[in-house]
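Only one structure is covered here, and it is reproduced in the block below.
Atoms considered below: every heavy atom in the structure, side chains included; atoms not considered: hydrogens, waters and symmetry mates.
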Amino acid sequence: MATKTAAAKPSAPAAAKIAAGGGKAGNKKQFSDKEKPTDIRLSNIEAAKAVADAVRTSLGPKGMDKMIQGKTGDVTITNDGATILKEMQVFHPAARMLVELSKAQDIEAGDGTTSVVVLCGALLDAARKLLQRGIHPTTISEAFQVAQNKAVEILTSISQPIKLSDTESLTKMASTSLNSKVVSQYSSLLAPLSVEAIMNIIDPETATNVNLKDIRVVAKVGGTVEDTRLVKGIVLTQKAQATGVHRVERAKVALIQFCLSPPKTDMDNQVVISDYTQMDRILREERAYILDLCKKIKKSGANVLLIQKSILRDALNDMALHFLTKMKVLVVKDIERDEIDFVSRTLGCRPIATADHMLPEHLGQADLVEEIHIGGGNKVVSITGCQSSAKTCSILVQGSNKLLADEAERSIHDALCVIRCLVKNKNMIAGGGSPEVELSLKLAQHAATLSGVESHCIKAFADALEIIPFTLAENAGLPPIKIVTELRNRHAEGEAMAGINVKKCCITNITEENVLQPALVSISAITLASETVRSILKIDDIVNTR
């Protein structure tokens, strides 16, 4: 008799164990899963380091520029870290944290946006090496927090106080910020101009912060960067309309938000005209309607008219322009919505929504409104001598092409942010990699007084800070290991102000070369970089949602 052999079915508990990953194969999988957090952590670190390496070559006065091409074909040439990362397509969530880090540094300090990303990359590399030695990420994170606090304390102790009345020192620090830009050759013009702009809108004795919205930077193609100027009033990039009036003294300015054109209904419609008399009547009504609006403008006493841009219909039609020409009114149309607040504050006027509110008390007053030529056939409208209590000013940035004008605008923004840093925190430190080496040295000495794993982590944090002078030397074409070693020895001998002079290709007392920067830039960079590293270290899994 043939016998049938049946495979033995496992018991219910055993089946459940195998399904859950039990048995020999299951045990192996269970243990391999414990490596997943480590793999995730290392993957995050590598992704973030890739972003840091992408901008590292842009650090310092001799750093390279990046050419960024947008989807629409727009080209941007810059070495500003925040601009590069903002335009860059970054998909990895950990790498995007470095983009946010650069943005945070731009908001807090305005300068050091490349340094903060490079520093974060170096700290992540140090953390990776510590992880590979078997040190727990929480231990590394806590040690980095201690190192960060100590670093801020050391930076504060080596900084020197400064008075806002000392415009020479402020200009030196603005120049240091501009020296790494495309427009560095114009720093002798742009730095004093930035300082003067800030001093125009604050009281140096009492100011604790600066609202940069009170300074409007306008970039316009035409002329060269040398033609950049500060205007104590408003610069409008729109041209004056052809009313025959291009200059008005003792101007009364009306800022209107209604259109000087025939009204339209809210929905699409068709008007069928069967008789020429009906057509004639429509034209007469339109003429009477527009003439009434123009008479109300003239009655209010306004001789300069600024019209907000409209997307629904024409802000100004030919008939209205004809009447305003007869009334000798200077007209500028298409004022952008985001310009309304600055214009109304500077002129001390009120945006007028309807013709019925065209009253003399709603107008702004200015000594002079004129249309000026800036080269290349381009014109701007300048409004100066504004009789209002608001402290505002404008900077007209010119360039021979759009790329240069836009980069000059970004550079001036960075210089303004440097002065704002000094208003918020009135302390300065040396540049040229000097504070980072001093920090590295003193943190290493502090680590030597501690014991255990914490000492090892703080020493790694201290070594990572040397990435800034290392990169400065590398980008300047100097031997980085030799330069950083010599710099470390000079600081160990007590030369706290020794830094890398990239122009003379050697190490000098960097304060004598006027390479200075606000303490807030370095404090903010170290604080934000270490916080980002600690955030990345705490991540042990990436969960995708449906």
How about [X] and [Y]: do any of their side-chain heavy atoms sit closer than 4.5 Å?
| X | Y | result |
| --- | --- | --- |
| Gln517 | Val418 | no |
| Ile162 | Leu170 | yes |
| Asn317 | Leu260 | no |
| Leu472 | Pro61 | yes |
| Val381 | Leu306 | no |
| Ile468 | Ser115 | yes |
| Ile297 | Leu305 | yes |
| Lys391 | Ile202 | no |

Exercise: identify the closest heavy-atom pair between [X] and [Y]:
| X | Y | answer |
| --- | --- | --- |
| Cys506 | Thr508 | SG-CG2, 3.6 Å |
| Ala219 | Glu409 | CB-OE1, 3.4 Å |
| Met358 | Ala254 | CE-CB, 3.9 Å |

Output the distance between atom [atom1] ([X]) and atom [atom2] ([Y]), rounded to the nearest 0.5 Å.
| X | Y | atom1 | atom2 | value |
| --- | --- | --- | --- | --- |
| Glu108 | Cys417 | CD | SG | 10.5 Å |
| Lys181 | Ile412 | NZ | CD1 | 12.0 Å |
| Ile467 | Leu123 | CD1 | CG | 10.0 Å |
| Ser177 | Leu516 | OG | CG | 12.5 Å |

Exercise. Determine the sole option in Thr511, Thr167, Asn514 for which the side chain to side chain donor-acceptor pair (under 3.5 Å) test with Lys172 is passed.
Key: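 Of all the options given, the one that passes is Asn514.
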For [X], does the [atom1] atom have more than 12 heavy-atom neighbours from other residues, nucleotides or ligands under 6.0 Å away?
| X | atom1 | value |
| --- | --- | --- |
| Asn209 | CG | yes |
| Glu205 | CD | no |
| Arg350 | CZ | no |
| Lys503 | NZ | no |
| Lys296 | NZ | yes |

Exercise. Report the C-alpha separation of Asp74 and Thr72 in whole Å, then their side-chain angles, then the decisive distance to 0.1 Å, and conclude whether the side-chain hydrogen bond (donor to acceptor under 3.5 Å, both in side chains) test is met.
Key: CA-CA 6 Å; Asp74 295 338; Thr72 56; 3.1 Å; yes
Quiz prompt | Derivation of the side-chain hydrogen bond (donor to acceptor under 3.5 Å, both in side chains) call for Ser310 and Lys333 | solution = CA-CA 9 Å; Ser310 173; Lys333 69 170 186 175; over 6 Å; no
Are [X] and [Y] within salt-bridge range, i.e. N to O under 4.0 Å?
| X | Y | value |
| --- | --- | --- |
| Arg56 | Glu474 | yes |
| Glu531 | Arg534 | no |
| Arg345 | Asp341 | yes |

Counting only N and O atoms by type, is there a donor-acceptor contact under 3.5 Å from the side chain of [X] to the main-chain atoms of [Y]?
| X | Y | value |
| --- | --- | --- |
| Ser400 | Thr224 | no |
| Ser530 | Thr527 | yes |
| Ser382 | Glu370 | no |
| Asn303 | Lys252 | yes |
| Lys66 | Ala54 | yes |
| Thr384 | Ala366 | no |
| Arg337 | Lys309 | no |
| Ser440 | Val437 | no |
| Ser411 | Glu407 | yes |
| Ser58 | Asp65 | no |

All N/O donor-acceptor pairs, side-chain side in residues 86-101, below 3.5 Å, sequence neighbours left out:
unit_1, atom_1, unit_2, atom_2, d
His92, ND1, Ala94, N, 3.1
Arg96, NH1, Val90, O, 3.4
Arg96, NH1, Phe91, O, 2.9

Self-check item: Contacts of type salt bridge (charged side-chain N to carboxylate O under 4.0 Å, His left out), residue Asp367, not counting sequence neighbours
Solution: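 Once residues adjacent in sequence are excluded, Asp367 has no partner under the salt bridge (charged side-chain N to carboxylate O under 4.0 Å, His left out) criterion.
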Practice problem: Applying salt bridge (charged side-chain N to carboxylate O under 4.0 Å, His left out), name anything that partners Lys239, two or more places apart in sequence or on another chain. | Solution: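 With sequence neighbours excluded, Lys239 shows a salt bridge (charged side-chain N to carboxylate O under 4.0 Å, His left out) to no residue whatsoever.
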Quiz item: Without hydrogens or angle criteria, can the side chains of Gln105 and Thr113 be said to hold a donor-acceptor pair below 3.5 Å?
Solution: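 No, Thr113 and Gln105 have no side-chain donor paired with an acceptor closer than 3.5 Å.
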Exercise. Can you spot which of Val235, Leu396, Leu416 makes a side-chain contact (heavy atoms from CB on, under 4.5 Å) with Val217?
Key: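 Of the listed residues Val235, Leu396, Leu416, the side-chain contact (heavy atoms from CB on, under 4.5 Å) partner of Val217 is Leu416.
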Quiz item: Under the criterion side-chain contact (heavy atoms from CB on, under 4.5 Å), which of Leu212, Asn211, Ile215 is the partner of Arg420?
Solution: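 Exactly one pass, corresponding to Leu212.
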